[in-house]
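Notes to accompany the following structure.
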Amino acid sequence: MSAQKTALVISAHAADFVWRCGGAIALHAEKGYAVTVLCLSFGERGESAKLWKQDGMTLQRVKDERRKEAEEAASALGVHDLVCLDLGDYPLEFSRDNKMKIVDVIRKVQPAFMLSHSRYDPYNTDHMNTTQAVLECRMIAQAWGHNPGEKVLGAPQLYLFEPHQTEQMGWKPDTFLDITPVWEKKRAAIEAMQGQEHLWEYYTRVAINRANHFKRNSGGQSGGRDCRYAEGFESVFPRTVDEL
Ligand SMILES: [Zn+2]
């Protein structure tokens, strides 16, 4: 097995990984991580309004378009592997079978860290149900009695990326990541999301605002480093450290 570091993003719909952690993906890819993006669905019913407004649209065509956009975004970000499970959306349902598919990916990737949605999202229950399922799948992947003989999962941090309608989600960031060096890659990935053009500028502004929080927490005007674009994350698990 290669010693390359790995990371795993679990995205309910095909575009979520772009808005919410595209910078983290591009940055870690540049640092040599093999980043796998697992898209549980294409967001074909719930996050493809612009496509559905076209005449004669079909579910399959929407899925095909969304897959194409996700592939284009993934390539702009330097994603190592884009895995699309096509589990369906609105609602995205987590049968035992579906959970096992996610566990298999987690065990195969053996991520150093994972990224997924906020714990609460009353606007989009697919998102919060994904996080619940990810926690469960992470637990199963750690169990020595699950498919004995496979490599069990260690204890990767699960970072929750920023939701839409941030203040309504009970999401509280404790980590800000400077994505300035890879901003152009994130913006290119954002622009691959042709079906959601209304979000392009919104998520550019989010990145600029989070950069301000990065600066404030890195020392602000008393010597903090500059940052123009950032992403915020909430970590689920404690850190184990040798020094504070
Ligand atoms: Zn979504």
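Residue numbers start at 1 and run along the sequence shown. Every number for a ligand or one of its atoms is a count from 1 in the order of the listing. Values reported hereafter were calculated over all heavy atoms of this structure, with side chains retained and with hydrogens, waters and symmetry mates removed.
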Look at the N, O or S atoms of [X], main chain and side chain alike, and state whether any lies under 2.8 Å from the Zn ion (ligand 1).
| X | result |
| --- | --- |
| H127 | yes |
| D126 | no |
| D89 | no |

Between D97 and S95, is any side-chain donor less than 3.5 angstrom from a side-chain acceptor?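 No, no side-chain donor-acceptor contact under 3.5 Å.
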Does NZ or CZ of R138 fall inside the cone over F237's six-membered ring, less than 6.0 Å from its centre and within 45° of the axis?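 Yes, R138 lies over the aromatic ring of F237.
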Closest approach of D89 and E47, non-hydrogen atoms and distance?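 Where D89 meets E47 most closely, the heavy atoms are OD2-N, 4.3 Å.
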Among the N, O or S atoms of H13, the one nearest the Zn ion (ligand 1):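 It is ND1 of H13.
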Determine which of the N, O or S atoms in E47 is closest to the Zn ion (ligand 1) and give its atom name.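 In E47, the heteroatom (N, O or S) nearest the Zn ion (ligand 1) is OE2.
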With ring-ring contact (aromatic ring centres under 6.0 Å, His included) as the test, pick out the partner of H164 among Y123, Y202, W19.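 That would be Y202; it is the only one of Y123, Y202, W19 passing the ring-ring contact (aromatic ring centres under 6.0 Å, His included) with H164.
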Trace of the salt bridge (Lys or Arg N to Asp or Glu O under 4.0 Å) decision for E65 with R61: CA-CA 6 Å; E65 285 296 314; R61 270 184 62 202; over 6 Å; no
